[in-house]
Asker: 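Dumping the structure here so I can ask a few things about it.
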Amino acid sequence: MKSIIPLIAALVLPALSADTKPNILVILSDDQGYADVGFNGSKDIPTPHLDALAKSGLRCTSGYVTHPFCSPTRAALMTGRYQQRFGHENNPVYKPNDATEGLPLTEKLLPQSLTEAGWQTGWIGKWHLGATPAHAPWKRGFAECFGFIGGGHQFINWQPKNEEYNISLVRDGQPSDVPEHLTARFGTEAAAFIGRHTDAPWFLYLAFNAPHSPQQPTPEELAKFSGIQDPQRRKYAAQISLMDQAIGQTIEKLDATGQRQRTLVFFFTDNGGPLPSACSNAPLRGGKGQVYEGGVRVPFVVSWPGTLPAGKDFAAPVSSLDVYATSLALAGVPMPTDVPHDGVNLIPYLKGENTNAPHPQLFWRTGGGLAHAIREGNWKLVRLKDKPAELYDLAVDIGEALDLATTKPEVVTHLVAALDAWNKELIPPVFSGLAGQQKAH
Ligand code: CA
């Protein structure tokens, strides 16, 4: 028997180790409409790989991001903190020599903490958290990097030059341009990262810039959508379809390398679809740039086969803030106590072990106070600068059409007080971005 025991141990121990140290894959899309994914009901834009991902896990039907546009959402994702706590409330201007335009260097990012805990880390795609050398992802905790530093990029056939949407891609700080469609390349890079790291736990942040403008699908992909009459929506649909295929390639690599059951996957969009444009946020009100649901409530999936339920909806509000706290919990890293953090470890909630709502309240603020919002239970209060607060009951009015502020003044008073208390914890924006820039990304 003695000779068998080491064999049994060798077979069992790696599995136990893998279970306790899961990989974490965060997939972000950019400016994708709430309704423009198969698992939220899209009829004209098929997304079979994203739909399969949703079926393998939980569709979070009240999944939120912390801001209705690009960079601030990413700042909270990387820090687990409401980004207004450190003044990251606008999109930074692309200025490689201006250290004020970017995620403040005083913030410690999730990949830094995971690196310290033994995780291999990778970033692929769009950065948009500052363009100076000190702000680069390889200086902020990511060991393996491939993508572009600005807030958007051409997808195909660009001539590299020193303009935000035409800069060279970078691999670990060195120029690295590619001939193929950017979205396809990001899928190839993600699969390669997964293939390189089959033993140690890893964290991969895969941030697509699709389907953000410019809409530049390949001609072959565009041809598949000839049935869509609106030429802009046709291109947008093809861009989403290319991203869906790249996500499929990424998930297939998890399967092929035997890592699917020990990988927690998040998918969500960085903000609502921009309006008016080719996208749809139906049945939500508003879109990118706004604190109505259409700006901040996004397609949102959490998948971890064998650990989390599969093929179900999770209705209570969850937030992009929760990626940080969930990841640290899985890595066995205590939440920092030097500054406030705002996310929660979602795993006990998603497993059904904790049946409370993960977030009693969620908050939003844009433009240093141009717009505010709070969600508590099914109440949603929106307060635009110099206008009376609006109140909606999302349980029966997901489209925020019927303002109940005058009939429920006690609810308004309560929510305004909560919003004002949260506001007192924040600082003004530390960089303003360009006027109008907020809607450009
Ligand atoms: Ca965006």
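Whatever order the structure lists them in is the order used to number ligands and atoms, beginning at 1.
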Asker: Applying side chain to side chain contact (heavy atoms under 4.5 Å, CB included), name anything that partners Asn162, two or more places apart in sequence or on another chain.
Answerer: Tyr94, Ile167
Asker: Tell me every residue that passes side chain to side chain contact (heavy atoms under 4.5 Å, CB included) with Glu163, counting only those two or more places apart in sequence or in another chain.
Answerer: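 By the side chain to side chain contact (heavy atoms under 4.5 Å, CB included) rule, Glu163 matches Lys161, Asn166.
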Asker: If only side-chain N and O atoms count, and only distance matters, is there a donor-acceptor pair under 3.5 Å linking Arg375 with Ser62?
Answerer: yes
Asker: For the Ca ion (ligand 1), give me the closest N/O/S atom belonging to Asp30, just the atom name.
Answerer: OD1
Asker: Under 3.0 Å from the Ca ion (ligand 1), is there an N/O/S atom belonging to Thr73?
Answerer: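 No.
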Asker: Can you name the nearest heavy-atom pair linking His372 to Val291, along with the distance?
Answerer: O-CG2, 3.6 Å
Asker: Do you know which N/O/S atom name in Asp31 is closest to the Ca ion (ligand 1)?
Answerer: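 Nearest N/O/S atom: OD1.
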Asker: Which atom name does Asp270 have for its N/O/S atom nearest to the Ca ion (ligand 1)?
Answerer: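 Relative to the Ca ion (ligand 1), the closest nitrogen, oxygen or sulfur of Asp270 carries the name OD2.
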